[in-house]
Amino acid sequence: MLRSALHLAALGVRQTRVSSSSPKLPLILQNNLENTKYLQVARDYAKGKDKKKEKGGKGKPGKVEINEQQLREILNFDGLNSQMQKSVMQMKEDFVKHLSLPSTSGAIDTLRIKVDGQEHELQELAQISRKNPKTIIVNMIGFPQTIPDVLKAIEKSGMNLNPQQDGTTLFIPIPKVTKEHRENLSKNAKALFVKYRDAIRGVQNEHIRKLKKQPELGKDDAFAAQAQVTAIADRFISEADKLLASKQKELLGD
């Protein structure tokens with residue numbers, strides 16, 4: 001009994017005793033009542049510790065606040081953001097350019113065509129319509145000289161298309177998309193994500209190396225700046241991860 005009380009005292013738990021003004025009880029009942037109260041207090045103490053863990057206790061990293069003004073004083077903040085954003089945008093473009101299903105709305109219309117060193121969407125060069133759900137008609141009468149470029153872009157699109165040319169008109173049969181083809185495209189999407197995720201981490205590590213080479217920067221300030229650079233990279237990677245999830249859902253038909 002004394003040992004239990006000392007243990008609770010060491011934990012900072014205040015003991016709760018029966019008021020002296022309470023009616024006199026047999027000794028065994030008093031002891032049982034005391035034990036019950038000690039156990040209840042101990043349970044309450046344990047519950048309090050659990051609640052603290054649920055609210056973000058040990059092992060859960062705290063949110064890093066970005067101090068833009070501080071970072072601008074010690075690194076190229078705009079360059080950092082621009083390089084990371086460029087990776088996300090390039091991944092998004094590659095998803096559209098190389099990983100679109102032919103049946104997806106706008107996949108043919110927005111196909112990128114390179115003409116004389118400049119890129120154009122197919123819908124800027126041609127009139128596009130659907131003869132039926134299984135055939136797309138591309139009328140190139142406005143820019144017939146770009147037909148070879150269009151055929152080349154379609155061949156490299158990864159959409160498994162085989163256009164048939166009749167004068168200035170292209171007839172594009174839409175093939176049935178197999179489950180295996182969808183899964184391969186989904187894997188390619190993941191590979192692209194990894195590529196651009198690593199590019200973002202590369203930018204992060206490059207700026208952290210530069211921070212470490214600044215002897216005038218205090219140890220605490222350097223550590224805080226590195227944590228913020230990492231947090232910025234995490235934010236862009238999270239954005240890329242959401243784009244990947246959306247693309248895979250589209251490709252797999254979930």
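For the numbers below, each heavy atom of this structure counts, side chains included, while hydrogens, waters and symmetry mates do not. Just so it is clear, the structure is predicted and the values come from calculations on it, not from any experiment.
Atoms CG and NZ, from Leu192 and Lys92 in turn, are 15.0 Å apart once rounded to the nearest 0.5 Å. Rounding to the nearest 0.5 Å gives a distance of 6.0 Å between CG of Leu161 and CD1 of Ile172. Within the model, atoms CD1 of Ile232 and CG of Leu71 stand 5.5 Å from one another, a figure rounded to the nearest 0.5 Å. The line from CG of Asn139 to OG of Ser129 is 8.0 Å long, rounded to the nearest 0.5 Å. Separating the CD atom in Glu250 from the CG atom in Leu99 is a distance of 9.0 Å, to the nearest 0.5 Å. The CZ atom of Phe236 sits 13.5 Å away from atom NZ of Lys86, with the distance rounded to the nearest 0.5 Å.
By the rule that hydrophobic residues join a cluster once side-chain heavy atoms approach within less than 4.5 Å of another member, Leu252 and Val96 end up as members of separate clusters. With hydrophobic clusters built from ILVMFWY side chains whose heavy atoms lie under 4.5 angstrom apart, Phe171 does not share a cluster with Ile108. Cluster membership check: Leu80 shares its hydrophobic cluster with Ile66, using side-chain heavy-atom separations under 4.5 Å among Ile, Leu, Val, Met, Phe, Trp and Tyr. There is a path of hydrophobic side-chain contacts, each under 4.5 Å, that joins Val194 to Leu244. The hydrophobic clustering, which links ILVMFWY residues whose side-chain heavy atoms are closer than 4.5 Å, places Ile154 and Ile137 apart.
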Passes side chain to side chain contact (heavy atoms under 4.5 Å, CB included), Leu122 versus Asp109? Steps please.
CA-CA 5 Å; Leu122 180 56; Asp109 304 48; over 6 Å; no
Criterion side chain to side chain contact (heavy atoms under 4.5 Å, CB included) on Arg201 and Asp234, from CA distance to verdict
CA-CA 9 Å; Arg201 288 299 184 202; Asp234 290 344; 2.7 Å; yes
Quick one, Glu65 with Lys63, criterion side chain to side chain contact (heavy atoms under 4.5 Å, CB included). Give me CA distance, side-chain angles, the key distance, then yes/no.
CA-CA 6 Å; Glu65 296 293 337; Lys63 183 179 179 182; 4.2 Å; yes
Let's go through Asp94 and Tyr196 carefully: what are the C-alpha distance in whole Å and the side-chain angles of both, what is the deciding distance for side chain to side chain contact (heavy atoms under 4.5 Å, CB included) to 0.1 Å, and is it a yes or a no?
CA-CA 11 Å; Asp94 283 353; Tyr196 289 110; 2.6 Å; yes
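Within a 6.0 Å radius of CD in Gln69, no more than 12 heavy atoms belonging to other residues, nucleotides or ligands are found. By the 6.0 Å contact criterion, CD on Glu155 is open, its count of non-hydrogen atoms from other residues, nucleotides or ligands being 12 or less. Taking a 6.0 Å sphere around CZ of Phe223, one finds it holds 12 or fewer heavy atoms contributed by other residues, nucleotides or ligands. Residue Asp116 places its CG atom among 12 or fewer non-hydrogen atoms of other residues, nucleotides or ligands, all under 6.0 Å distant.
There is no side-chain donor-acceptor pair under 3.5 Å between Gln228 and Glu68. Checked by atom type, the side-chain pair Thr169/Asp166 shows no donor-acceptor distance below 3.5 Å. Looking at Gln248 and Ser186, their side chains do bring a donor and an acceptor atom within 3.5 Å of each other.
Looking only at side-chain heavy atoms (C-beta outward), Leu151 and Gln165 come within less than 4.5 Å of each other. Here the side chains of Ile136 and Val138 are in contact, with some heavy-atom distance below 4.5 Å. At least one side-chain heavy atom of Ile74 sits less than 4.5 Å from a side-chain heavy atom of Gln214. A 4.5 Å side-chain heavy-atom check between Thr146 and Ile113 finds every atom pair outside the cut-off. The shortest distance between side-chain heavy atoms of Gln164 and Leu170 does not fall below 4.5 Å. Side-chain contact between Ser157 and Leu111 is present, with heavy atoms from C-beta onward closer than 4.5 Å. Counting heavy atoms from C-beta on, the side chains of His207 and Gln226 never come closer than 4.5 Å.
Closest approach of Arg112 and Ala153 over heavy atoms only: O-CB, 3.6 Å. Among all heavy-atom pairs drawn from Glu124 and Phe143, the shortest one is O-CE1, 3.9 Å. Between Met140 and Leu125, the shortest heavy-atom distance links the atoms CE-O, 4.1 Å. Counting all heavy atoms, side chain and backbone alike, Lys247 lies closest to Ala189 at CG-CB, 4.5 Å. Contact record, Arg182 with Leu251: NH1-O, 2.7 Å, taken as the closest heavy-atom pair. Here the closest non-hydrogen pair linking Ser87 and Ile200 is CB-CG1, 3.8 Å.
Between Arg235 and Glu239 there is no salt bridge, since no side-chain nitrogen of the basic residue lies less than 4.0 Å from a carboxylate oxygen of the acidic one. A salt bridge links Asp78 with Arg72: at least one charged nitrogen is closer than 4.0 Å to a carboxylate oxygen. Of the charged side-chain nitrogens involved, none lies within less than 4.0 Å of a carboxylate oxygen, so that Lys114 and Glu119 do not count as a salt-bridged pair. Taking a cutoff of 4.0 Å between a charged side-chain nitrogen and a carboxylate oxygen, Glu206 and Arg209 do not qualify as a salt bridge.
Thr178 places a side-chain N or O within 3.5 Å of a backbone atom of His181 that can act as its donor or acceptor partner.
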